[in-house]
2 protein chains.
Amino acid sequence: MKENITILDIARRSGLSKGTVDRVLHNRGEVSKKSYDKVMRVIEELGYEPNVYASLLASNKQYTIAVLIPDAAPGEFWEISRRGIDLELSTPLSSGMNVVHVGYDQYDGASFSAACRKVLEMKPDGVVLAPMYKSESLAFVGELAAAQIPYAYVDSKLEEDNYLAYFGMPMVQSGQLCADLLTQGHRIQSVLIVRIRRNDEDLYDPNVHRRAGFLDYMLEHCPDCNIHYLFIDPTHPERIDALLSEFHSAHPEVRNVVMFNSRIYLVAPFIEKNYVEGLRVVGFDNLDANVAALKKGCVTMLIAQHPDQQVAQAIQTLSEFITLKKRPARRDNLVHMDILTRYNAD
Amino acid sequence: MKENITILDIARRSGLSKGTVDRVLHNRGEVSKKSYDKVMRVIEELGYEPNVYASLLASNKQYTIAVLIPDAAPGEFWEISRRGIDLELSTPLSSGMNVVHVGYDQYDGASFSAACRKVLEMKPDGVVLAPMYKSESLAFVGELAAAQIPYAYVDSKLEEDNYLAYFGMPMVQSGQLCADLLTQGHRIQSVLIVRIRRNDEDLYDPNVHRRAGFLDYMLEHCPDCNIHYLFIDPTHPERIDALLSEFHSAHPEVRNVVMFNSRIYLVAPFIEKNYVEGLRVVGFDNLDANVAALKKGCVTMLIAQHPDQQVAQAIQTLSEFITLKKRPARRDNLVHMDILTRYNAD
DNA sequence: TTGAATTCCGTGCACGGTAACGGAAATAAT
DNA sequence: ATTATTTCCGTTACCGTGCACGGAATTCAA
């Protein structure tokens, strides 16, 4: 059985009033050192734990958390991330939290800056962000820190020291895992890496670490593997088939295909039309389109994270910090890498 | 911004008092039909949502939930399940919940019955159970239903209609997935299925469904595969090596090994000593011993669930039902099947 | 010593909901 | 018509914490 120790119990035991105990608990001063120590001692003795419900009820404030992630079309990676907001809002402990999504164009640095400014002027109590543009993000979190606003990273993080928490995938390991799944531990002769051509140099692309992990693995386990690259443009999906077709006639022996971003579904149409025996295609993230391709057999395996859960957890961590001043157990939270085949895609 | 509508608002709008509104909200009678309808209409109109914190604070009861799962040694499947209790107790919404584990000997029907009786006489407010013995479990849940005690299944469920929720793995599909990972979509010639010999017939073994899924897959994709069985006794681990060795000399061509329970680690020592090129070993569940074997390379892949999370979720669902009368969104919750290789075993 | 300025602390209401208690109103029994 | 029941509803005291307000106790200035 649990005994409930209240601040009133503490007040009585220390010969003071609950007001004083409260001031001690929240460090809001106006307490003599003697009383402070006394109260602290009693708290220790009785093993006081605050009643979360009463606390939240009494401090009946509305907080707002801004979520700064790109806009995206339905089914895309960032749209799934966005769903994490509703996922979190449906939990009982998030009443009293207003979570607002501040979107921007993933490929437009200016729009990112604008979104940052918008967040700053709404003066939120907490911020969740994916640091897409490095220098701009650094400036932004600097301002947040100056304004005493806690923030959490999702997807990727910056190397600084003021963030409350980070939720993301271990990128290097995900690349290794990808290579392991592709090769199945055997030596393979060749592989095609499909990439998306980028213009903006400041755009921070965490997938480079993934590629590095992949290449590390290959260097160690398949040093003599031919690694081909093919660059495509997602804004012109109709040209992709032609590019793949061209590559396929030039290198008909290639049986392994990977992509390190979330768009493996882009190659699915070509594969569906030109399937060859023994083809292995490995990609990332459980977008609807990717899962559909998986189920059709165009994609062999997907390595998935759960971006919605990451966002939800980030919001939750921030909520607990804001309302209860509770810091997360771990600051860097590496989420599990899910392997999806057509048999466990749910 | 959220406007907070309280029962007092409703009371005022309907010209009644909060006592009456409360009676309506909780269906505890003593309200005329006219008033009832009136209040209900206002609730609809204003879109009232109860304040969870206030509710939990006011009804300041201590509830107890009994968790009826087998005792197990550290690192074993049921011990991981047990950890779900602490996992759940650490969440803020579970204060006021006393969760007690009632253990029994997995392989002893009498001990299971005794545990059931123990649970009944402690009159808990909710029960989480894994229905290990079918007929005995049916009788037990019958008594729970009669006593109006809600209960949730974990791991496997019975075909009856009174349970609040079920959390478990889709067993048939897990068998298919296992086969798919083992064969990698190719035709294989032979496979060894290692099984544990059972004596007790009433013991309900959900793994038969897993085996069925596996065999289904093989029948469809590898109809001419030789399927060998080997029965071992977990209480005499020292004999296992001899049995495997014997099998290996009789069938040296077999390169694929599976087990459908969580004890794949039992074959790891033999494999470590007698590793052959191209061997594939697939098992279930992320026990410490299994993961260790995975990392050493004795096991190729593991299909894992998260028994602790299942138990935690079951407790949470029961808590919400008991305290807030909230039913779960889905009654049958099939957890995701995790595929583990040495690169994502964390 | 007296008054003013601090420092420190207790009191009391609020938060939204629960449920026991008792009384008014409506109905039934005499 | 009067009393006894039953039905229905309002009042009220909590649950444990947050916080504003004002007053007592102490220190400082004169």
Side-chain angles (χ1 to χ4, degrees), chain A residues 2-40 42-43 46-63 92-93 95-97 320 322-326, chain B residues 2-40 42-43 46-63 92-93 95-97 320 322-326:
Chain A
K2 281 178 195 169
E3 53 258 73
N4 275 334
I5 293 151
T6 73
I7 55 171
L8 205 64
D9 296 326
I10 296 174
R12 277 195 285 258
R13 275 274 274 224
S14 52
L16 293 159
S17 74
K18 71 197 187 87
T20 307
V21 175
D22 184 64
R23 277 184 285 266
V24 170
L25 283 170
H26 296 85
N27 281 319
R28 47 190 172 89
E30 313 203 0
V31 178
S32 70
K33 176 141 174 45
K34 209 177 79 181
S35 305
Y36 184 90
D37 292 341
K38 176 104 202 183
V39 169
M40 285 304 268
V42 176
I43 287 176
L46 301 189
Y48 168 74
E49 296 213 359
N51 182 317
V52 182
Y53 306 137
S55 175
L56 289 176
L57 174 62
S59 65
N60 191 25
K61 294 208 191 97
Q62 289 287 335
Y63 298 100
L93 124 149
S95 47
M97 279 291 157
E320 289 187 4
I322 294 170
T323 57
L324 309 173
K325 294 195 182 3
K326 182 182 154 195
Chain B
K2 280 178 193 168
E3 51 258 76
N4 275 334
I5 294 151
T6 74
I7 56 171
L8 206 63
D9 296 326
I10 297 174
R12 277 195 285 259
R13 273 276 273 227
S14 51
L16 292 158
S17 74
K18 66 196 193 104
T20 307
V21 175
D22 186 63
R23 277 184 287 266
V24 171
L25 283 170
H26 295 86
N27 281 319
R28 47 188 171 91
E30 313 204 0
V31 178
S32 70
K33 178 148 174 38
K34 210 176 78 180
S35 306
Y36 184 90
D37 292 342
K38 177 103 204 182
V39 169
M40 285 305 266
V42 176
I43 288 177
L46 302 190
Y48 168 75
E49 297 212 1
N51 182 316
V52 183
Y53 307 136
S55 175
L56 289 175
L57 173 62
S59 63
N60 190 24
K61 297 205 190 100
Q62 288 287 336
Y63 297 101
L93 122 152
S95 49
M97 279 290 157
E320 290 187 4
I322 294 170
T323 56
L324 310 173
K325 295 193 181 6
K326 181 181 154 196

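Chain A is the first sequence line, chain B the second, and so forth, proteins listed ahead of strands; every chain is numbered from 1.
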A:Leu8 atom CG is separated from D:dC14 atom P, nearest whole Å, by 12 Å

To the nearest angstrom, the CD1-P distance between A:Ile7 and C:dC15 comes to 18 Å

* Can a side chain N or O of B:His26 be found less than 4.0 Å away from OP1 or OP2 on C:dA19? -> no

Of A:Glu30 and A:Leu25, the one whose closest nucleotide on DNA chain D sits nearer the 5' end is A:Leu25

The side-chain contact (heavy atoms from CB on, under 4.5 Å) partner of B:Tyr48 among B:Leu25, B:Val42, B:Asn4 is B:Leu25

| query | With a 3.5 Å cut-off and just heavy-atom distances, do the side chain of B:Arg23 and the base of C:dA19 make a donor-acceptor pair? | reply | no

Whichever of B:Leu57 and B:Ser17 has the more 5' nearest nucleotide on DNA chain D, that residue is B:Ser17

B:Lys38 atom NZ is separated from D:dC8 atom P, nearest whole Å, by 18 Å

CG (A:Asp9) and OG (A:Ser14) are apart, to the nearest 0.5 Å, by 10.5 Å

Checklist line | Contact under 4.0 Å: B:Ser32 side-chain N or O vs D:dC9 OP1/OP2 | finding: yes

### Message
Students often get this wrong, so: under 4.0 angstrom with heavy atoms, is A:Leu16 touching a base, only sugar-phosphate, or nothing?
### Response
sugar-phosphate

Output for pair (A:Lys18 NZ, A:Ile10 CD1), nearest 0.5 Å, gives 12.5 Å

Separation of D:dC15 atom C1' from B:Asn51 atom CG, nearest Å, is 13 Å

Spell out yes or no: do the side chain of A:Lys18 and the base of C:dT11 have one donor N/O and one acceptor N/O closer than 3.5 Å? no

Of all heavy-atom pairs linking A:Leu46 and A:Ile5, the shortest is O-CD1, 2.8 Å

Can a side chain N or O of B:Lys61 be found less than 4.0 Å away from OP1 or OP2 on C:dA19? yes

Taken to the nearest whole Å, CG/B:Asp22 to C1'/C:dA20 is 12 Å

### Task
Tell me what A:Asn60 touches on the nucleic acid: a base, only sugar-phosphate, or nothing, going by heavy atoms under 4.0 Å.
sugar-phosphate

Taken to the nearest whole Å, CG/A:Asp9 to P/D:dC15 is 11 Å

Exercise. NA contact type, B:Lys33, heavy-atom cut-off 4.0 Å: base, sugar-phosphate, or nothing?
Worked result: nothing

Whichever of A:Ser35 and A:Ala58 has the more 5' nearest nucleotide on DNA chain C, that residue is A:Ser35

Worksheet item: Is a side-chain N or O of B:Ser59 found less than 3.5 angstrom from the main chain of B:Ser55, in a donor-acceptor match?
Response: yes

note: B:Tyr53, atom OH; C:dT18, atom P; distance rounded to Å ~ 15 Å

note: A:Tyr36, atom OH; C:dT7, atom C1'; distance rounded to Å ~ 17 Å

Looking only at heavy atoms, the pair that brings B:Ala11 and B:Ser17 closest together is CB-C, 3.6 Å

Ranking C:dT18, C:dG16, C:dC9 by distance to the side chain of B:Ser55, first place goes to C:dT18

task: Give a yes/no on whether any side-chain N or O of B:Thr20 is located under 4.0 angstrom from OP1 or OP2 of D:dG10.
output: yes

Worksheet item: Is B:Tyr48 touching bases, backbone alone, or none of the nucleic acid, heavy atoms closer than 4.0 Å?
Response: sugar-phosphate

Q: Kindly say if B:Lys34 contacts the phosphate of D:dT7, meaning a side-chain N or O under 4.0 Å from OP1 or OP2.
A: no

